[in-house]
Number of protein chains: 2
Amino acid sequence: MLDSQLVEAARDFNRFYTNFLGVLNRAYLNTPFTLTDARVLFEVGSHEGISPVTLSRDLQLDPAYLSRMLKRFRNEGLIETRPDPADGRGQLAFVTDKGRAAFQELGRRSNAQIEARFNELASDQPQRIVAAMRTIRSMLDPASTAPPAIIRAHRPGDIGWIVQSQAKAYTEEYGWDMRFEGLIAEVAGRFLANFDPATEHCWIAERGGLNIGSILVTNGGDGVAKLRLLHVDKSARGLGLGKTLVDECVRFSRDKGYRQISLWTNDILHAARGIYVRAGFRLVSEEKHRMFGPELNGQTWVLDL
Amino acid sequence: MLDSQLVEAARDFNRFYTNFLGVLNRAYLNTPFTLTDARVLFEVGSHEGISPVTLSRDLQLDPAYLSRMLKRFRNEGLIETRPDPADGRGQLAFVTDKGRAAFQELGRRSNAQIEARFNELASDQPQRIVAAMRTIRSMLDPASTAPPAIIRAHRPGDIGWIVQSQAKAYTEEYGWDMRFEGLIAEVAGRFLANFDPATEHCWIAERGGLNIGSILVTNGGDGVAKLRLLHVDKSARGLGLGKTLVDECVRFSRDKGYRQISLWTNDILHAARGIYVRAGFRLVSEEKHRMFGPELNGQTWVLDL
DNA sequence: CCTATTTGGTGGACTGAGTCAAATATATAC
DNA sequence: GTATATATTTGACTCAGTCCACCAAATAGG
């Protein structure tokens, strides 16, 4: 059965990760806290006003054990508890300043451990690991919500990411050949080489430290802004990110005094075309080409500002 | 720092997975074994003839504790130990039939737990989870970093990877600014755009599906081959990969009838310089520049073929 | 060859993390 | 009002895991 292999593999991973976490959790050996202490402190610190029941349910701890632990923390001045005004039986836990300091110190140690691990890895491995972790988590824990996407200016490495992610995506999805990667690498390279912050910009959409989308505006001269390299990673489609990115470009171009935005795309990229249409672009020319292997319909769209 | 979000995300996953494993491990509650018992029994069962030292190292257990545990297992007829013929101090542990039965029963329970989880998921989710688990494992488990490095021609996405990994590395290590990324993106883009397989080549060093190094030869005209974009990821340094890549380029250039190879580098890249020197390159010119921010010593090296 | 040091394994003694059962007080259901 | 469920606490216990000291065999150094 196919399933049994998967189960076996998952079990194997669990054994491995049990060991791995065991090693990481040794970090607490130099502190006065046990792993469980740390988990509780962390939970109280990050959900102020949490009740012991919730705590014991979330962390799977014996209420008696937890009660004593909270008492200890109270005596050590790490937390405070107040009666729950809404329920005479319950109470709410808060960290004191001292508790917060301890909790942040634990966080720092924990981060340092992981950072040390990540530093031993190849440059793009941490991102892949985190992406994989997110995959697992999103499936095993449907309640977990993806962190919100943010849009920011480009940073070192981002331009390479744009080239790589788009090259891979279009090769896989449409069978384009490497000339496409060559084209975007050149476009991206020229953008950086002649970058004029006053009239040009690159936006990267990022979610939880992972890049998920990109777009850029370059100065085409003659009052025309060129919109280029719009792309949204397939893991982030359907969120309206493409529209947001395009809107951002339009707003930027208008602010900077361009009179028109133009862009070049290919008709098979339906999702992108929909975005352009809704943003008010109009198709001005179209020609068949074979620049990337398969026969394509190249299109030029413009928007007057 | 750039990485802090990733670290945070990894820590978050670890917290989640600690809980998750905690729940799964409740499977042992109905058996006479603790989680640690089960881990040891599993390890002995799947590595017959394993020695207690190895066991205590692999599972991070106190040798005294383990010794007592093995004694208990021996008394209960679950395992047998024989003296190690190769080392009078050591011993080797084997499971008995009864032990094997117990160990398989534990495996069944464990599988059942995971199966139950998987059954609640959509049809393709288990596969994706397992794939993600493999990703994580292959990167975090040093033992599985074993696969040898291979060197191959470039494929879609590789050029973007070159740009990204080098931009990140040189920004972090030497503080170069984004103009550097622009330069290499342009170089890489032009390479692909005008790619002539008869006289040019790109090599990617890969290990276990991950890119770890690159180099390329372009036609500089006039019988001169240009060696460009040599880079080895920090996770793969010290393996002689740089040398191998350069040698490959030299051989290729000789085969293709070039009369000389030339390259441009910066003197602070000591490791690279060592490789060039050993390959027989000689320094022909040098000039200070500030192309990437900090003041650098650009150098041109050549090798007559 | 003898001596010093390291490594594999074991027993004694302890501790404290975590469990189980019972008690108290408040809330909710009918 | 009674009955039952929920939140928290206290008492009493146990056993998983640790620390230290020791023995026996192996290895290293002179």
Side-chain angles (χ1 to χ4, degrees), chain A residues 18-19 21-23 25-44 47 49-76 79-94, chain B residues 18-19 21-23 25-44 47 49-76 79-94:
Chain A
T18 300
N19 278 338
L21 288 174
V23 175
N25 290 336
R26 244 149 263 272
Y28 300 115
L29 282 184
N30 306 323
T31 74
F33 301 104
T34 66
L35 171 59
T36 314
D37 285 351
R39 291 172 70 206
V40 170
L41 201 52
F42 180 89
E43 208 63 18
V44 176
H47 299 104
I50 195 171
S51 72
V53 228
T54 320
L55 219 40
S56 87
R57 254 200 308 268
D58 288 359
L59 301 180
Q60 310 260 4
L61 294 175
D62 183 298
Y65 179 35
L66 182 66
S67 169
R68 261 182 280 259
M69 186 148 64
L70 291 178
K71 188 176 175 187
R72 200 177 80 230
F73 286 172
R74 224 180 288 125
N75 291 338
E76 288 170 1
I79 65 164
E80 278 174 355
T81 53
R82 304 182 205 143
D84 182 346
D87 185 333
R89 300 164 302 176
Q91 42 181 270
L92 308 175
F94 299 84
Chain B
T18 299
N19 280 338
L21 287 173
V23 174
N25 289 335
R26 247 148 261 273
Y28 301 116
L29 281 184
N30 305 323
T31 74
F33 300 104
T34 66
L35 171 57
T36 314
D37 286 350
R39 290 172 70 206
V40 170
L41 200 52
F42 180 89
E43 208 63 15
V44 176
H47 299 104
I50 196 171
S51 72
V53 229
T54 320
L55 221 39
S56 87
R57 255 201 305 269
D58 289 359
L59 300 179
Q60 311 258 6
L61 295 176
D62 182 297
Y65 178 35
L66 182 65
S67 169
R68 263 184 277 261
M69 185 148 56
L70 291 178
K71 187 177 174 185
R72 199 177 80 230
F73 286 172
R74 222 182 290 126
N75 290 339
E76 288 169 2
I79 65 165
E80 277 175 354
T81 53
R82 304 182 205 142
D84 182 345
D87 185 333
R89 298 166 303 178
Q91 39 182 269
L92 308 175
F94 299 83

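Computed from a predicted model, the values in this text were never measured in an experiment. Throughout, a chain's letter reflects where its sequence line sits, starting with A, and its residues are numbered from 1.
F73(A) has its side chain within reach of F33(A): a pair of non-hydrogen atoms, C-beta onward, lies under 4.5 Å apart. Counting heavy atoms from C-beta outward, N19(A) and R39(B) have side chains that approach closer than 4.5 Å. Looking only at side-chain heavy atoms (C-beta outward), T36(B) and M69(B) come within less than 4.5 Å of each other. V40(A) is listed as a side-chain neighbour of L70(A), based on a closest heavy-atom distance under 4.5 Å.
Looking at N75(B), its side chain never comes within 3.5 Å of a backbone N or O of R72(B) through a donor-acceptor pair.
Counting to the nearest Å, the C1' atom of dT19(C) and the CG atom of L59(A) are 17 Å from each other. In this entry the distance linking CE of M69(B) with P of dG8(C) reads 18 Å, nearest Å. If you measure from atom CG of L66(B) to atom P of dC19(D), you get 16 Å, rounded to the nearest angstrom. The distance between atom CZ of R82(B) and atom C1' of dG8(C), rounded to the nearest whole Å, is 19 Å. Counting to the nearest Å, the P atom of dT8(D) and the CD1 atom of I79(A) are 12 Å from each other.
To the nearest 0.5 angstrom, L92(B) atom CG is 12.0 Å from E80(B) atom CD. Taken from CG in D37(A) to CD in E76(A), the straight-line distance is 8.5 Å, to the nearest 0.5 Å.
A heavy atom closer than 4.0 Å to some atom of DNA chain C occurs in D87(A), G88(A), R89(A), these being the qualifying members of residues 83-91 of chain A.
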Across nucleotides 12-17 of chain D, 5' to 3', mark each nucleotide with B, S or - according to how protein heavy atoms within less than 4.0 Å reach it.
B---SB
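Pairs engaging residues 55-65 of chain B under the side chain to side chain donor-acceptor pair (under 3.5 Å) rule: none recorded [sequence neighbours left out].
Within 4.0 Å of P63(B), counting heavy atoms only, lies at least one base atom of the nucleic acid.
A residue-by-residue look at K71(B) and R57(B) shows that R57(B) has its nearest nucleotide of DNA chain C further toward the 5' end.
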